[in-house]
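The next block holds one structure in the form of structure tokens; read it before the comments.
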Amino acid sequence: MKLRSYLYVNQRLVDDYLSAIEGSLYEEEHVRTQNRISQNTAVEAGLPLTGTSGEINSDDGKTSEKTLKVTYAAKLKKVVDFLNKEKELNEIENLDEDALNCLKREDLIEVFVNMRPSKMQNLVESLKKITNMFSSMGSLLPMSNTDREMIEQMKALGEMKEQVDDGTCQVVFNPDGNENISLVGQLEKEFLLEPMEKINKQCYVLCKVQRKFKDDEEVEVDAMFAGMEGIKPFMDNKDDVSLSNPQEIRDVITAPGLFVLPIAIYQ
């Protein structure tokens with residue numbers, strides 16, 4: 001049995017898969033146990049006029065009930081056990097280009113990876129730390145209007161990033177030992193069991209293959225305005241407007257790689 005420390009579990013996907021496997025879901029299990037206490041009383045002198053002897057038994061039955069909650073770790077184990085039984089899970093020790101070329105859409109894989117947030121996410125997290133530090137020191141150090149404006153702009157960038165994310169964030173998984181291969185996935189923040197900075201390290205990812213990168217495809221990770229081309233017609237000088245991240249924090253990766261749907265991240 002493999003013991004896991006889970007950092008992220010997409011609970012919605014796990015419920016969907018488990019309900020398809022078992023036909024139903026349960027969240028809690030009620031277990032009843034009964035303890036019987038036996039008291040033995042000796043009859044030393046025997047019964048009158050018979051000369052017999054023996055014991056009188058008295059039972060006191062006590063019933064207790066406990067509730068077992070089914071955790072997502074337990075649910076996920078059932079899903080993984082089913083996939084292994086059906087030989088549907090591909091546990092890849094070395095995801096190199098040859099192994100990647102054998103993968104197909106909808107394949108379920110487990111890979112040991114180095115995970116990293118996007119450059120934009122790293123910038124926003126750094127700005128949060130800086131603004132918190134300046135805010136806590138505001139009463140100790142004199143601040144100019146320029147300093148205050150800079151802090152407000154940093155806060156605004158972080159708030160805008162959260163609005164654009166809409167509860168999700170993109171991350172990059174590089175298979176350990178094959179940093180030229182990139183797996184791009186999107187996490188739902190509500191299912192993070194640890195803060196992002198705590199899973200910026202080596203871990204396992206269980207995921208479903210969505211598609212491979214095309215040979216000449218460039219993928220910009222965590223572009224702030226991705227999918228917002230529809231607003232361009234309403235802008236002045238729209239032909240000169242770029243909806244990509246600033247060049248300094250553009251995070252562009254190319255083939256070989258995969259778009260994946262992360263189900264769980266663990267160590």
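FYI, side chains are in, hydrogens and waters are out, and symmetry mates aren't considered; it's all heavy atoms of this structure.
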Sequence neighbours excluded, which residues qualify as salt bridge (charged side-chain N to carboxylate O under 4.0 Å, His left out) partners of [X]?
X: Arg211; value: Glu217
X: Asp81; value: Lys77
X: Glu93; value: none
X: Glu188; value: Arg12

For Phe191, all residues meeting ring-ring contact (aromatic ring centres under 6.0 Å, His included), sequence neighbours excluded: none
Atom CD of Glu218: over 12 foreign heavy atoms under 6.0 Å: no
Residues, nucleotides or ligands: over 12 heavy atoms within 6.0 Å of Asn101 CG: yes
Closest approach of Ile181 to Pro175 (non-hydrogen atoms, all atoms of both residues): O-CD, 3.2 Å
ring-ring contact (aromatic ring centres under 6.0 Å, His included) contacts in which one or both residues fall within residues 80-109, not counting sequence neighbours: none
For Val124, side-chain contact (heavy atoms from CB on, under 4.5 Å) partners two or more places apart: Met120, Lys128, Lys161
Pairing residues for Ala99 by the side-chain contact (heavy atoms from CB on, under 4.5 Å) criterion, not counting sequence neighbours: Leu95, Asp96
Whether Gln267 side chain and Gln202 backbone form a donor-acceptor pair below 3.5 Å: yes
Please identify each residue that fulfils side-chain hydrogen bond (donor to acceptor under 3.5 Å, both in side chains) with [X], with sequence neighbours left out.
X: Glu86; answer: none
X: Lys189; answer: Asp165
X: Tyr204; answer: none

Apart from Val219 itself, residues in the same hydrophobic cluster as defined by side-chain heavy atoms under 4.5 Å: Val172, Val184, Phe213, Val221, Ile253, Phe259
Electrostatic pair Asp15:Lys75 at N-O distance under 4.0 angstrom: yes
Test item: side-chain donor near acceptor, Asn90 and Glu110, under 3.5 Å: no
